[in-house]
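This structure is a prediction, so every number in the text was calculated from the model and none was measured. Note on naming: letters A, B, ... go to the chains in the order of the sequence lines (proteins, then strands), and numbering restarts at 1 for each one. Hydrogens, waters and symmetry mates are skipped; everything else that's a heavy atom, side chains included, is used.
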There are 2 protein chains.
Amino acid sequence: MRRTKKERQRLLSETIAENPFVTDEQLASEFQVSVQTIRLDRMELAIPELRERIKDVASKTYENEVKSLPIDEVIGEIIDIELDNRALSIFDVKDEHVFQRNGIARGHHLFAQANSLAVAVIDDELALTVHSNITFVKPVKAGNRVITKAVVVGRDDERHRTKVEIVSTVNGETVLVGEFDMYRTKGKGEQE
Amino acid sequence: MRRTKKERQRLLSETIAENPFVTDEQLASEFQVSVQTIRLDRMELAIPELRERIKDVASKTYENEVKSLPIDEVIGEIIDIELDNRALSIFDVKDEHVFQRNGIARGHHLFAQANSLAVAVIDDELALTVHSNITFVKPVKAGNRVITKAVVVGRDDERHRTKVEIVSTVNGETVLVGEFDMYRTKGKGEQE
DNA sequence: GTTGTTATTAGCACTTGGTACTAATATCAG
DNA sequence: CTGATATTAGTACCAAGTGCTAATAACAAC
């Protein structure tokens, strides 16, 4: 045994998680064991074969792509939406979203959640952001769950504009407020 | 010939495009022809086999996973910086930054470039965005190279505030203008 | 009708990346 | 030394194909 079986299996899980496209043969040469050993390992760890792994990845993304054109384009997860009226999304702040130094979320992630929600709430083929005015009220930290609410407050069909107000909160405390002026490609009555 | 070969091949392309997970056998029974005919059709139409199709879908989504905002300190590449004065960065807009529908860049990517440049230009351990006011002047498309300039225009050390003006251009044309109010932690930081 | 062309079907060998199973070794621990 | 565990080898088999050859079928033109 090069190292322990346990150690190898731990690394194996990791490797496959990182890159599901790897074959048993490649794994065998990487870990300097036989293909059979890799297969025994996969069985013990209940890791499916290459083709099944790929199929899983593919079907997952396929569902997302076909189903929800707007929803998977959103940063965070939409939990409630009433088109052209209001929408709500949740975004869990992870380590990769914060400054390492102090654990405070970078502004552009909060902006991204707010902005993509503003896009989603517009009942149109596509909405573009024309203007934004955002105030970051309070720092957000890793581990925080940000709940963002978008409310459509004004609509000017002649100019193709819609105004959306945004409030983001963490544990009931407001962390971000702002508004977006959105451009919509279709006015009222032109909907499909 | 049930219908024409042409018609069958048209439908075949459609069917596979709709659901890449279908096998030749299933297709054969659906179109009431032999498996061999289906294979000849696929060759003529240059449609890869099931496994390749699935792999394509999977690898596409695998790449897409990194489509949310990256972890980098700065979005884009800083090409010139003079701390507490001005800074310049370049950001190449790729397919993953735009709406599939029309190829126009999502606002939050442009915001991210501008915001991270505003953070970088502040000569301090850390700067936080307090307020932003951004106008998206002109749509940016995939393939565009966005050059963003940040200029420090005002500083109020008592309130720990610094104002940064931003202009982004593509081929000399302005695509985004705005300003950021930044909080700098120098001195006794009022964290939290 | 006969001939030519295109379309369809059949059959076989071979490929990848496996599963399922059996059997032989190797390694280590008590 | 003996047993248990781990590793390797080897075989048969599977799905969903490719690549190839050859036999029909269908239809049009002369």
Side-chain angles (χ1 to χ4, degrees), chain A residues 1-69 72, chain B residues 1-67 95-96 100:
Chain A
M1 281 167 271
R2 278 106 199 134
R3 286 300 135 84
T4 57
K5 182 180 170 183
K6 240 185 184 170
E7 176 67 3
R8 187 190 57 233
Q9 293 193 342
R10 204 183 52 74
L11 287 171
L12 190 77
S13 300
E14 259 178 49
T15 307
I16 293 176
E18 239 169 73
N19 167 236
F21 298 83
V22 67
T23 64
D24 286 356
E25 214 166 57
Q26 293 172 322
L27 290 164
S29 86
E30 189 173 328
F31 290 104
Q32 292 285 16
V33 293
S34 72
V35 172
Q36 282 77 359
T37 301
I38 295 293
R39 289 182 180 161
L40 278 173
D41 284 348
R42 276 200 298 101
M43 304 223 165
E44 285 180 30
L45 299 167
I47 296 172
E49 64 168 289
L50 170 68
R51 286 162 189 154
E52 292 304 315
R53 294 194 304 262
I54 290 182
K55 212 192 282 177
D56 287 351
V57 173
S59 55
K60 217 171 278 174
T61 43
Y62 207 69
E63 279 165 31
N64 283 358
E65 216 150 293
V66 172
K67 251 194 186 149
S68 51
L69 275 172
D72 82 342
Chain B
M1 281 165 270
R2 279 104 200 136
R3 284 300 134 85
T4 57
K5 183 182 172 184
K6 241 186 185 170
E7 176 66 2
R8 188 190 57 232
Q9 293 193 342
R10 204 182 54 74
L11 287 172
L12 190 78
S13 300
E14 257 178 51
T15 306
I16 293 177
E18 239 168 73
N19 168 233
F21 297 84
V22 66
T23 64
D24 286 356
E25 214 166 60
Q26 293 172 322
L27 290 165
S29 86
E30 189 172 329
F31 290 104
Q32 292 285 18
V33 292
S34 71
V35 172
Q36 282 77 0
T37 300
I38 294 293
R39 290 187 178 157
L40 278 173
D41 284 348
R42 275 201 299 99
M43 299 214 176
E44 286 179 31
L45 299 168
I47 297 172
E49 63 168 293
L50 170 68
R51 286 160 189 155
E52 290 305 314
R53 295 196 302 263
I54 291 182
K55 212 193 283 180
D56 288 351
V57 173
S59 54
K60 213 171 280 173
T61 42
Y62 216 66
E63 285 163 25
N64 273 13
E65 211 117 303
V66 201
K67 97 174 146 193
D95 286 340
E96 62 261 34
Q100 280 124 317

Euclidean distance, atom CZ of residue A:Arg8 to atom P of D:dT5 [Å, nearest integer]: 16 Å
B:Arg53 (side chain) donor-acceptor with B:Pro48 (main chain) under 3.5 angstrom: yes
What is the distance from NZ of B:Lys6 to C1' of C:dT6, rounded to the nearest Å? 14 Å
I need the NZ-C1' distance between A:Lys5 and C:dA26, as an integer number of Å. 14 Å
Looking at residues 39-53 of chain B, who's got a heavy atom less than 4.0 Å off DNA chain C? B:Leu40
When the distance from NZ of A:Lys55 to P of C:dG18 is rounded to whole Å, what number comes out? 13 Å
Under 4.0 angstrom between B:Thr37 side-chain N/O and C:dT8 OP1 or OP2: no
Give the nucleotide from the list C:dG18, C:dT9, D:dT8 with an atom nearest to the side chain of A:Asp24. C:dG18
Return the 5'-most residue of the pair A:Glu25, B:Ser34 with respect to DNA chain C, ranking by each residue's nearest nucleotide. B:Ser34
Could you tell me how far apart B:Ile54 (CD1) and C:dG18 (C1') are, to the nearest whole angstrom? 15 Å
Distance check needed: C:dA24 P versus A:Gln36 CD, whole Å only. 16 Å
Quick one: does B:Gln26's side chain have a donor or acceptor within less than 3.5 Å of a partner on B:Thr23's backbone? yes
Is A:Leu11 close to A:Glu30 at the side-chain level, that is, under 4.5 Å between some pair of heavy atoms? no
Would you indicate whether the side-chain heavy atoms of A:Phe31 and A:Thr15 approach each other to under 4.5 Å? yes
Residue pair B:Leu50 / B:Asp24, side-chain heavy-atom distance below 4.5 Å: no
Please state how far atom CD in B:Glu7 lies from atom P in C:dA7, giving the value in whole angstrom units. 15 Å
Check whether any side-chain heavy atom of B:Gln9 sits under 4.5 Å from a side-chain heavy atom of B:Lys6, and report yes or no. no
Quick one: which of A:Thr37, A:Val22, A:Leu45 gives a side-chain contact (heavy atoms from CB on, under 4.5 Å) with A:Leu12? A:Leu45
Between C1' of D:dT7 and CZ of A:Phe31, the distance in whole Å: 16 Å
